[in-house]
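Heads up: the structure comes next, in structure tokens.
Counting starts at 1 for both ligands and their atoms, following the listed order.
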Amino acid sequence: MKGENIKLIVPTMTLRREFLEMARESMAAGSQKNYWGFEEALDNFEPYTKKLLDYGQGRNLPEGWVSASTFWLVKDDETLLGRTSIRHSLTPALDQRGGHIGYYIRPSQRGQGYGTLILALSLEKAKDLGLKRVLVTCDDDNIASARIIQNNGGKLADKTKPEGSELPTRRYWIDLT
Ligand SMILES: CC(C)(COP(=O)(O)OP(=O)(O)OC[C@H]1O[C@@H](n2cnc3c(N)ncnc32)[C@H](O)[C@@H]1OP(=O)(O)O)[C@@H](O)C(=O)NCCC(=O)NCCS
């Protein structure tokens, strides 16, 4: 990874082909139906991308949603490695599960440190948004995600059992100051 040109970018129509490739790969690998928006993107890429940009600006948010900035992790300006969303604030539901940041690395690119990198870069974006500390959560059995959070300075606050979820959720705080 050292020396690679990898960064977070704002979603863009110009990476349509690459994004749809990532979405197809993720769906084929069994990603939960529309959890990351992949299914929706496959059907309607342009409205999907525009919606992400709107949500970052607090426009056209569904009832009860907070603004959220989405970024894509891209290598050499052309290969999509994953995506991340940074919620600008917490709702009671996000406080229990979901937290400020949700990240995803496409299946073919896992196990190379990109998960740890995408959270590190997301923390910089969260800082730019003025957040002083962020909540990051993961299912109790998501060992890779727990490592990623710990690698980025996460301190385990507690484990909760939100309504409707089968597993306990680990809640970590990361100080950005
Ligand atoms: C979780 C996820 C982001 C990990 O991405 P990744 O690119 O494989 O992560 P990394 O390569 O940075 O690995 C992070 C750590 O997890 C460990 N790890 C990776 N895959 C693992 C696995 N299957 N089992 C156990 N540990 C694993 C790595 O060894 C590394 O540990 P280390 O820092 O101690 O060396 C990816 O699997 C994913 O997108 N999953 C679906 C979405 C998700 O769960 N997102 C998190 C929401 S809370």
Side-chain angles (χ1 to χ4, degrees), residues 1-9 11 15 18-42 52 55 65-66 68-76 79-91 93-126 131 133-174 176:
M1 191 160 51
K2 200 161 169 262
E4 284 181 349
N5 171 23
I6 300 175
K7 59 190 174 201
L8 289 180
I9 61 160
L15 288 182
E18 289 74 16
F19 188 90
L20 294 182
E21 216 175 273
M22 176 167 84
R24 264 184 229 110
E25 176 189 319
S26 302
M27 298 285 293
S31 285
Q32 294 151 304
K33 244 184 156 208
N34 196 29
Y35 190 62
W36 303 97
F38 291 137
E39 192 177 43
E40 185 185 344
L42 284 173
L52 296 181
Y55 290 177
W65 281 44
V66 293
S69 300
T70 295
F71 298 94
W72 294 344
L73 187 69
V74 66
K75 184 163 94 170
D76 298 331
T79 306
L80 277 177
L81 303 175
R83 43 79 64 212
T84 180
S85 292
I86 302 151
R87 292 120 202 167
H88 300 190
S89 57
L90 295 176
T91 61
L94 287 171
D95 181 66
Q96 289 302 295
R97 187 164 191 249
H100 284 99
I101 302 178
Y103 42 84
Y104 177 90
I105 296 295
R106 68 193 288 178
S108 61
Q109 297 289 344
R110 291 180 188 168
Q112 303 174 67
Y114 294 139
T116 298
L117 178 66
I118 201 168
L119 180 56
L121 295 174
S122 301
L123 294 176
E124 288 175 15
K125 298 289 183 188
L131 295 174
R133 61 176 198 149
V134 294
L135 180 70
V136 189
T137 74
C138 66
D139 285 348
D140 203 26
D141 68 349
N142 194 340
I143 311 289
S145 192
R147 288 292 310 152
I148 287 169
I149 300 168
Q150 288 156 8
N151 288 344
N152 280 284
K155 303 264 182 304
L156 183 64
D158 51 27
K159 291 186 190 183
T160 54
K161 189 88 169 41
E163 231 184 275
S165 66
E166 281 163 28
L167 283 170
T169 296
R170 295 189 193 193
R171 295 170 73 254
Y172 292 87
W173 284 100
I174 303 178
L176 299 180

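- Close approach to W36 involves these atoms of ligand 1, each under 4.0 Å from a residue heavy atom: 42 (C).
- Less than 4.0 angstrom separates atom 24 (N) of ligand 1 from none of the non-hydrogen atoms of the protein.
- Taking every heavy atom of N151 and a limit of under 4.0 angstrom, the matching atoms of ligand 1 come to 33 (O).
- Taken from OG in S26 to CD1 in I105, the straight-line distance is 10.5 Å, to the nearest 0.5 Å.
- When atom types are taken as modelled, the side chain of E25 and the backbone of S108 share a donor-acceptor pair closer than 3.5 angstrom.
- Taking a cut-off of under 4.0 Å to the non-hydrogen atoms of T137, the atoms of ligand 1 that pass are 48 (S).
- Shown are L121, L73, L119; of these, the side chain to side chain contact (heavy atoms under 4.5 Å, CB included) with Y103 is made only by L119.
- In this structure, the side chain of H100 engages the main chain of L135 through a donor-acceptor pair within 3.5 Å.
- Taking 4.0 Å as the cut-off, D139 does not count as a neighbour of ligand 1 on heavy-atom distance.
- For the residue pair S85 and R83, a side-chain donor N or O sits within less than 3.5 Å of a side-chain acceptor on the partner.
- Evaluated by nearest non-hydrogen atom to atom 41 (C) of ligand 1, the leading choice among R110, R106, R83 is R110.
- Shown are D140, T137, T169; of these, the side-chain hydrogen bond (donor to acceptor under 3.5 Å, both in side chains) with K159 is made only by D140.
- Residue G115 has at least one nitrogen or oxygen atom sitting less than 3.5 Å from a nitrogen or oxygen atom of ligand 1, judged on distance alone.
- Distances shorter than 4.0 angstrom occur between a heavy atom of G111 and an atom of ligand 1.
- At least one donor-acceptor pair under 3.5 Å links the side chain of R87 to the backbone N or O of G98.
- Protein heavy atom nearest atom 15 (C) of ligand 1, with residue, atom name and distance: R147 CB, 3.5 Å.
- The distance criterion of under 3.5 Å between nitrogen or oxygen atoms is met by Q112 with respect to ligand 1.
- Closest to atom 20 (N) of ligand 1 by heavy atom, among A144, P107, C138, G82, is A144.
- At a cut-off of 3.5 Å, with distance as the only test, a side-chain donor of S122 or T84 sits close to an acceptor on the other residue.
- Among the atoms of Y104, none of the N or O lies under 3.5 angstrom from an N or O of ligand 1.
- Of the protein's non-hydrogen atoms, I148 CD1, 4.0 Å is the one closest to atom 2 (C) of ligand 1.
- In this structure, L42 CG and E21 CD are separated by 11.5 Å, a value rounded to the nearest 0.5 Å.
- Shortest contact from atom 45 (N) of ligand 1 to any protein heavy atom: Y103 O, 2.9 Å.
- For a threshold of 3.5 Å applied to N or O pairs, the pair formed by I105 and ligand 1 contains at least one separation below that value.
- Heavy-atom neighbours of K155 NZ from other residues, nucleotides or ligands within 6.0 Å: at or below the threshold of 12.
- For atom 29 (O) of ligand 1, the nearest protein heavy atom lies 4.0 Å or farther away.
- Geometrically, R110 engages Y104 in a cation-pi contact, judged by NZ or CZ lying under 6.0 Å from the ring centre and within 45° of the ring axis.
- Between G113, A146, S145, it is G113 that holds the heavy atom closest to atom 11 (O) of ligand 1.
- The residue among T116, L73, N152, N142 with a heavy atom at the shortest distance from atom 12 (O) of ligand 1 is T116.
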